[in-house]
Amino acid sequence: MSRVVFFIALRQLWDRKLLNGIAVCGVALGVLTLIGINGIMQGFQQKFLSNILRISPHVTLFDRQLRPQAPILARASEGFVVTDVHHESPADRILRISRPAEIVEALEAMDEVVAASKLLVGSAVISRGSQQYPVEVRGIEPARQDRVTPIASYLLQGNYRTLEASPDAIVLGSGVASRLGAKVGDVIVCGSSLGQRLNLKIVGIFEAAIPPVDNTRVYVTLRNAQALLGRPDTVGRIELKLREPDAAQVVTARLEEMFGYDGESWQETNANFLALFKQQNSIIDFVVGAILAVGGFGVLAIQIMIVLQKTRDIAILRSVGFHRRDILSCFLLQGAVISLLGAFVGDVSGHYLIQALGKLKTKQEGLVKSETFLVFDDPRFYWYGFGFALVVGLLASLIPAVRGSRVEPVDVLRGQLG
Amino acid sequence: MSDESSFAPATEGARTPWPEPGKVVLETRGLVRDLGSEAVKTRILHGIDLTIREGEFLSLTGFSGSGKSTLLYLLGALDRPTSGEVSIDGVEIGALDDDDRATLRGEKLGFVFQFHFLLPEFTVLENVMLPMKRRGARAQTAIESRAREVVESLGLGELAGRRPNQLSGGQQQRVSIARAVANDPRIVLADEPTGNLDSRNGLIVMDVFERLAREQRITIVMVTHERSFASRTSRQLVMKDGRIVEDLDQR
């Protein structure tokens with residue numbers, strides 16, 4: 001492209017500061033929206049996911065067997081008698097993971113697995129004075145469990161190690177503690193319908209920043225949970241931490257195949273949230289796309305107007321030796337400059353918007369607990385904004401530019417145009 | 001305006017004779033041009049054969065609709081004939097594509113129209129420089145000094161930094177002449193260059209053209225309505241209904 005085309009394009013742009021400024025603002029607004037909305041949405045989603053990944057194991061193996069053995073009578077009469085056993089009582093078939101220690105050992109030998117831990121989970125009621133509160137009791141091996149879901153890292157008060165050292169310790173979720181008005185050091189009574197009642201001492205209070213968890217969950221040792229729930233020597237699930245959280249689904253399928261127990265990846269556990277996020281993100285993509293398109297239409301409208309006003313100028317330029325290509329590049333260049341400026345303004349203002357929003361103090365409770373407005377400042381969005389703005393701006397100026405390049409000087413001179 | 005008084009029109013009479021024309025620079029053979037749609041076609045030019053030589057100052061006169069402007073656009077490679085051939089400085093332009101014709105216009109031709117067609121965003125000097133910059137035959141500094149030289153020779157030196165809308169009609173037209181000649185054209189084609197000017201400014205423009213033809217031997221083809229201007233040129237063509245009906249050597 002000849003330098004003079006550059007010169008003409010830039011001068012013409014500068015001479016119509018107001019109109020072109022409006023076009024720039026349209027593009028910038030699109031980019032700003034892209035960065036702003038994505039920053040807010042991703043801020044929430046990322047925070048939620050990272051919280052989830054802190055308290056939720058990457059993979060859980062449950063005590064449901066995928067290939068249960070046939071009832072004992074059927075096994076005994078296998079081969080020659082057709083039998084069917086109806087209404088086998090649940091009590092006859094205790095759900096448990098058999099030989100859990102061996103499974104854990106096998107799991108920890110796998111390359112993909114960072115840590116594995118045995119649990120027993122059930123419902124219990126905590127009483128303190130006259131108050132009763134239902135909770136989800138998780139019996140854990142404290143040291144191992146901390147490697148799978150780092151409970152110690154979100155312990156608000158107390159000492160996590162005491163849970164292992166002391167025979168009658170319990171760690172409460174912050175919501176549970178506040179509802180019971182209990183503090184570290186207090187003793188509470190915990191019981192369930194099938195097992196013993198235990199007097200337990202509160203040694204710690206944790207907050208995972210996910211209210212549904214903080215309001216219901218308590219941790220005790222595996223042994224205490226077995227006593228409490230009346231299921232001695234039972235392991236109800238095995239939780240795993242993987243090297244690659246994203247690989248959880250593949251690994252889960254393999255583990256199911258290997259051990260025959262029902263497995264669940266964290267994606268499955270939180271499938272409803274992930275699906276919701278996916279839907280949210282498509283809506284955002286649509287809205288942002290629409291706003292960028294509107295910005296593009298702004299460029300289109302303004303450029304068409306300018307080209308119409310410039311018919312005579314195009315005619316004279318063509319008369320004095322400028323090629324069609326020169327005219328085309330002149331207007332495309334203007335579109336490119338408008339979109340580059342728009343992208344730049346949008347990126348910069350988007351950055352400040354994200355910064356400002358991030359400093360906003362709001363108390364959030366619900367899915368995620370936070371003191372500030374959650375935003376996620378992902379550099380990718382700036383590049384997306386830049387790229388989309390450039391594409392939209394160039395596409396929008398293509399029509400006017402082609403139109404301008406098709407102006408025949410002789411038509412203008414005859415007075416049919418311009 | 002003081003500027004215009006310093007550039008007074010030449011007085012009538014005491015005319016020096018025109019020099020001998022040189023070699024052929026513009027030639028047409030059997031030039032036909034139809035305008036309008038397929039259904040309603042009007043023949044504007046009925047086979048024009050014309051030879052124009054270097055240094056000629058040629059005026060095209062005739063009533064409106066006689067085909068003067070159409071002929072001028074064909075001579076300027078701005079339009080394509082329905083049939084027939086135009087050659088400019090020995091180049092047959094029928095064979096050229098759009099880009100080549102644009103390049104040829106930039107190198108060999110200069111245009112002056114009834115309206116000045118100056119680009120409003122650029123100063124006088126920049127307007128004069130644009131065709132030279134596109135052609136790229138001179139270095140950047142040479143382009144500027146050439147533009148200054150031409151602008152000054154047309155008495156516009158002090159206005160070089162102004163924008164077209166800050167000039168009078170006569171000044172604007174002189175700037176457009178400067179733009180047409182700065183790029184050293186072989187031929188300047190002018191379509192009613194005085195049509196929008198008062199008689200004083202019209203005379204100034206005529207003087208400029210005459211000087212270009214006499215001193216720089218630039219061939220000038222000028223469409224005009226005004227008999228007095230037409231009679232000052234070295235050769236006058238009178239057109240009627242798409243044909244040349246008179247070809248007067250006025251030397």
Side-chain angles (χ1 to χ4, degrees), chain A residues 1-21 302-303 305-331 333-334 337 402-418, chain B residues 33 35-36 44 69-70 72-74 76-81 97-123 126-137 140 143 163-165 176 179-183 185 189 191-192 223:
Chain A
M1 198 191 311
S2 155
R3 262 174 53 196
V4 64
V5 174
F6 239 87
F7 175 61
I8 295 173
L10 295 184
R11 177 68 65 85
Q12 288 185 342
L13 265 182
W14 182 244
D15 225 63
R16 283 174 166 67
K17 288 186 278 289
L18 181 66
L19 274 186
N20 290 315
I302 287 172
Q303 287 271 91
M305 205 171 86
I306 289 176
V307 168
L308 286 178
Q309 285 176 356
K310 292 238 147 273
T311 329
R312 285 168 158 235
D313 297 7
I314 297 169
I316 194 66
L317 286 173
R318 298 271 291 117
S319 307
V320 302
F322 283 77
H323 293 187
R324 283 180 193 285
R325 233 184 5 256
D326 296 326
I327 308 296
L328 186 79
S329 5
C330 183
F331 287 109
L333 195 63
Q334 296 187 7
V337 172
V402 167
R403 222 185 139 131
S405 75
R406 291 209 177 131
V407 167
E408 278 294 342
V410 71
D411 292 335
V412 180
L413 296 169
R414 283 204 192 100
Q416 291 169 354
L417 266 176
Chain B
R33 182 70 173 107
L35 284 181
I44 308 292
S69 295
T70 303
L72 194 81
Y73 301 149
L74 287 170
L78 289 168
D79 195 11
R80 286 177 183 277
D97 68 14
D98 201 74
D99 284 350
D100 289 338
R101 288 194 299 149
T103 304
L104 179 106
R105 287 196 293 267
E107 288 175 359
K108 309 229 179 210
L109 305 176
F111 292 92
V112 180
F113 301 106
Q114 185 174 356
F115 302 100
H116 57 79
F117 282 105
L118 296 171
L119 301 195
E121 301 90 355
F122 296 88
T123 65
E126 287 166 342
N127 262 289
V128 174
M129 283 158 59
L130 284 181
M132 287 193 276
K133 282 186 170 176
R134 177 61 184 85
R135 186 174 170 187
Q140 182 63 31
I143 286 175
R163 289 208 175 181
N165 61 4
S176 73
R179 178 180 59 195
V181 301
N183 216 359
L189 299 165
D191 192 5
E192 308 215 22
V223 168

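Basis for what follows: all heavy atoms, side chains included, without hydrogens, waters or symmetry-related copies. The chains referred to below are lettered A, B, ... by the order of the sequence lines, with proteins before strands, and numbering in each begins at 1.
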I'd like to know whether [atom1] of [X] has more than 12 heavy-atom contacts from other residues, nucleotides or ligands below 6.0 angstrom.
X	atom1	value
A:Arg406	CZ	no
A:Arg324	CZ	yes
B:Arg163	CZ	yes

Can you tell which part of A:Ile8 gets under 4.5 Å to a heavy atom of chain B, answering side chain, backbone, both or neither? both

Does A:Arg318 come within less than 4.0 Å of B:Asp98, counting only side-chain N to carboxylate O? yes

Give a yes or no on whether a salt bridge exists between B:Glu126 and B:Arg179, defined as a side-chain N under 4.0 angstrom from a carboxylate O. no

Pick whichever of [options] has the most heavy-atom pairs under 4.5 Å with chain A.
options	value
B:Asp100, B:Leu35, B:Asn183	B:Leu35
B:Asp191, B:Leu78, B:Asp99	B:Asp99
B:Glu121, B:Arg101, B:Arg105	B:Glu121

Could you tell me which residues satisfy side chain to side chain contact (heavy atoms under 4.5 Å, CB included) with B:Asp79, sequence neighbours excluded, listed by chain and number? A:Val410, A:Arg414, B:Arg33, B:Tyr73, B:Leu74

So which of A:Pro409, A:Ala315, A:Gly321 has the largest heavy-atom pair count under 4.5 angstrom toward chain B?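 Maximum pair count with chain B is reached by A:Gly321.
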
So which part of [X] gets closer than 4.5 Å to some heavy atom of chain A, the side chain, the backbone, both or neither?
X	answer
B:Arg80	neither
B:Leu104	neither
B:Thr103	both
B:Arg135	neither

For residues 107-120 of chain B, which side-chain N or O atoms pair as donor and acceptor with protein atoms under 3.5 Å away, sequence neighbours left out?
unit_1	atom_1	unit_2	atom_2	d
B:Lys108	NZ	B:Asp89	OD2	2.9
B:His116	ND1	B:Leu118	N	2.9

